[in-house]
Number of protein chains: 2
Amino acid sequence: MRRTRSVTMVDIAKRSGVAVSTVSYALSGKRSVSAETRERVKRAIDELGFRPHEPARALKSRASRAISLFFPTARDTLEIESHIFLSGALEATSEFDYSLLVSTATHDPSGIVATLETGRADGVILMEVRLSDERVEKLRADGHPFSLIGRCEDNDGISYVDFDFEDAVCTAVHHLYELGHRHVALLNRAPSIAGADYGPTVRSHAGFQSALRELSLEGDQLLCGTSGAQYIEVLRFLERAPTCTAAITLSVTYAPLLAALRDLGRRVPEDFSVVAIIASQVSDLVTPPLTTIDMPAYEMGRLGAEILIRRLMDDELPPTQLLLRGPLQVRSSGPPPRRSRP
Amino acid sequence: MRRTRSVTMVDIAKRSGVAVSTVSYALSGKRSVSAETRERVKRAIDELGFRPHEPARALKSRASRAISLFFPTARDTLEIESHIFLSGALEATSEFDYSLLVSTATHDPSGIVATLETGRADGVILMEVRLSDERVEKLRADGHPFSLIGRCEDNDGISYVDFDFEDAVCTAVHHLYELGHRHVALLNRAPSIAGADYGPTVRSHAGFQSALRELSLEGDQLLCGTSGAQYIEVLRFLERAPTCTAAITLSVTYAPLLAALRDLGRRVPEDFSVVAIIASQVSDLVTPPLTTIDMPAYEMGRLGAEILIRRLMDDELPPTQLLLRGPLQVRSSGPPPRRSRP
DNA sequence: GTTCGCAATCGAAACGTTTCGACTCGGGGA
DNA sequence: TCCCCGAGTCGAAACGTTTCGATTGCGAAC
């Protein structure tokens, strides 16, 4: 495990008979270097196996070429989307030859600011953003570069990529309406997950309400936490509301729903229709195959990193705001069972 | 976005009327500093809002206080365990006040060595390790600090944390045998996923074979890829082998199995028993609730990071090797259906 | 009353880059 | 012919830490 003194630019300079600064310019291209010199330098680098020392670069040039993703700590639950975001962000980050730091997300902004101010990262990506989020306010006030996966209420000057939950739920309700359903449920994430003003929850609910109103439908929202006990509540609801023949689920809330339906002996989609708003990587693992509105989580992660890095590379760039939608894939939804029709 | 010149140790030294080195010692405790001086320094730090600049620290002390997790790139599939490993590693890393870098894993070792030699990370964690893995050989040869989630054939001097798949499959077979099953299937990962000598695949198969032999049972191994078409093959197998009344699944291979059983109208567990070797975070989302042998993926990620960091902090420490087991939780397994008994 | 050792402190030299200003050398425009 | 300019290069000064060696008092041991 002995760290043998590694080869530095000084060694390269000696070996190729030029000044250290010339080596630097040959590598960065920030000043012109004759083709011949560049060639000699490159040869020396290959022969000696030189790798520029990143902390030294970061120290002098005041840029770490790294971004940090603040990741929700999840000891007990599988925050599926988060993980996919991360994979996407990793792809973009390595494409741009940046490093991706992952940090544990906390409610208060101090950890985030510390990551930036200690020079560990040049910018950060936040997820599980609230409509009014003090981390965002702090970063905006301090002028730190960041991007959101999600968005706030006021997104002035902010780069974000988000999924249009409002539209997705609305689309789902229309789909179910057209199939003949007249009473649908929305299984929304419980506020406990990310506070009362968690964007996706609020916007999903808004889309649900407006679609119901538009179509004069009956609808109920159920708030699902992550505990296993959650499924009991869904079960009770289904028993209480026999006219409800379809449901829209967000993220992993399909799980308590399917469990409850199974216990009640109701088949999907013959007896009950389900539209899941969820990443395809997750729905691929579910039986029966669900009708989904695919949330492009991987792409969102990719874009979240990309819009941040682009701004880091060029601070003239205006913020990028992206609101994505996903296709409806019909698989587990059909007309309501006959017995529930008049 | 203007980076205003930040406060450094020099500012702290001036403000508190001591030398820069004294500030450093007051912070690190590597030499004694009078209580009064330490107090003055601390006050100055609070007043000025000083944060030590990490790249400078890393440059001088030749340690980045970061580890890098090499993460499989997965555009199309949800590598569920990997994600949970990552969460666990993140927890340990932040507990030890290290940074966690995530890098895209490639087959060849050059990227890994680069991460280490550029001083971006002090050590690395590898996953999806093969029985004979050239990344491991390279790291071992170069004397770089690393740990594995998984293990090789020859683990001399290597720190790793792995799950005992051999034992788990063996336990599962015994469980099914005791319930009365006489022909069981093992749904193993396809070799394409991680080469022909992917440890978990090989060891699961070994455990399967030895248990079959011991109990004089009939058994078949099916290799499952990640494609959706996979499920057709499972379906064909089940049709072909009517005496097979139970299966053991590894990781997400439960998905094609459940889909196929559903298509055949076979209920779980009444008509068919399933034992899934899988992380609880995943099985919690599956309907019906599966009998599982819980793979403590979060803990594995935690430990993988912890054993690496402990070695980084104290290079006298011998390597740590951990082979974990998980409890059997009976939920979707029962006696075989009567019709298949003589 | 020396001498020794230790606590507390300081100044300076790194660590390995990037970048600024200055220098040289030719060639082209005046 | 003189001057200017740009391409190509160099040396040196940073960047913000850590750490080494040296220096000062001061109480204890002789």
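All chains are named by letter (A, B, ...) in the order of the sequence lines, taking the proteins before the strands, and each is independently numbered beginning at 1.
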**Q** Output a table of donor-acceptor pairs, distance under 3.5 Å, between side-chain atoms of residues 99-115 of chain B and any protein atom two or more places apart or on a different chain; print 'none' if there are none.
**A**
unit_1	atom_1	unit_2	atom_2	d
B:S103	OG	B:S68	OG	2.8
B:T106	OG1	B:D108	O	3.0
B:H107	NE2	B:E134	OE2	3.4
B:D108	OD2	B:S110	OG	3.1
B:T115	OG1	B:G111	O	3.0

**Q** Using the salt bridge (charged side-chain N to carboxylate O under 4.0 Å, His left out) criterion, which residues pair with A:E95? Sequence neighbours excluded.
**A**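 Listed in chain order: A:R302.
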**Q** Do B:E117 and B:H144 have side-chain heavy atoms sitting under 4.5 Å apart?
**A**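 B:E117 reaches B:H144 side chain to side chain.
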**Q** Please state how far atom CG in B:L59 lies from atom P in C:dC15, giving the value in whole angstrom units.
**A**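 Taking CG of B:L59 and P of C:dC15, I get 9 Å after rounding.
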**Q** Rounded to whole angstrom units, what separation is found between the CE atom of B:M9 and the P atom of D:dC15?
**A** 16 Å
**Q** What contact category does B:P52 fall into here, base, sugar-phosphate, or nothing, at under 4.0 angstrom with non-hydrogen atoms?
**A**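 Contact class for B:P52: sugar-phosphate only.
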**Q** D:dC15 C1' sits how many Å from B:D11 CG, rounded?
**A** 13 Å
**Q** Is there a side-chain contact between B:S24 and the phosphate of D:dT18, meaning an N or O under 4.0 Å from OP1 or OP2?
**A** yes
**Q** I'd like to compare against my own output: the B/S/- annotation of nucleotides 4-14 of chain D with a strict under-4.0 Å heavy-atom distance to protein.
**A** ---SSBBBB-B
**Q** Rounded to whole angstrom units, what separation is found between the CD atom of B:E54 and the C1' atom of D:dT17?
**A** 10 Å
**Q** For the side chain of B:R62, counting heavy atoms from C-beta on, which of C:dC15, D:dT18, D:dG16 is nearest?
**A** C:dC15
**Q** Strictly below 4.0 Å, N to O, side chains only: are A:D11 and A:R15 in salt-bridge contact?
**A** no
**Q** Please report, rounded to the nearest Å, how far the P atom of C:dG16 is from the CD1 atom of A:I45.
**A**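 Roughly 16 Å, once rounded to whole Å.
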**Q** Whole angstroms only, please: what is the CZ-P distance between B:R65 and D:dG16?
**A**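 Atom CZ in B:R65 sits about 21 Å away from atom P in D:dG16.
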**Q** Run the salt bridge (charged side-chain N to carboxylate O under 4.0 Å, His left out) test against A:E39 and tell me which residues pass, sequence neighbours left out.
**A** none
**Q** Residues two or more places apart in sequence or in another chain: which of them pass salt bridge (charged side-chain N to carboxylate O under 4.0 Å, His left out) with A:R57?
**A** A:E54
**Q** For A:S28 and A:A56, find the nucleotide of DNA chain C closest to each by heavy atoms; which residue's nucleotide sits nearer the 5' end?
**A** A:A56
**Q** Would you kindly give the CD1-to-P distance between A:I12 and C:dG16, to the nearest whole Å?
**A** 13 Å
**Q** Would you indicate which nucleotide in C:dG16, D:dT19, D:dT17 comes nearest to any side-chain atom of B:K30?
**A** D:dT19
**Q** Using a 3.5 Å cut-off and no angle test, enumerate the donor-acceptor pairs between side-chain atoms of residues 18-33 of chain A and protein atoms at least two apart in sequence or in another chain.
**A**
unit_1	atom_1	unit_2	atom_2	d
A:S28	OG	A:S24	O	3.2
A:S28	OG	A:K30	N	3.2

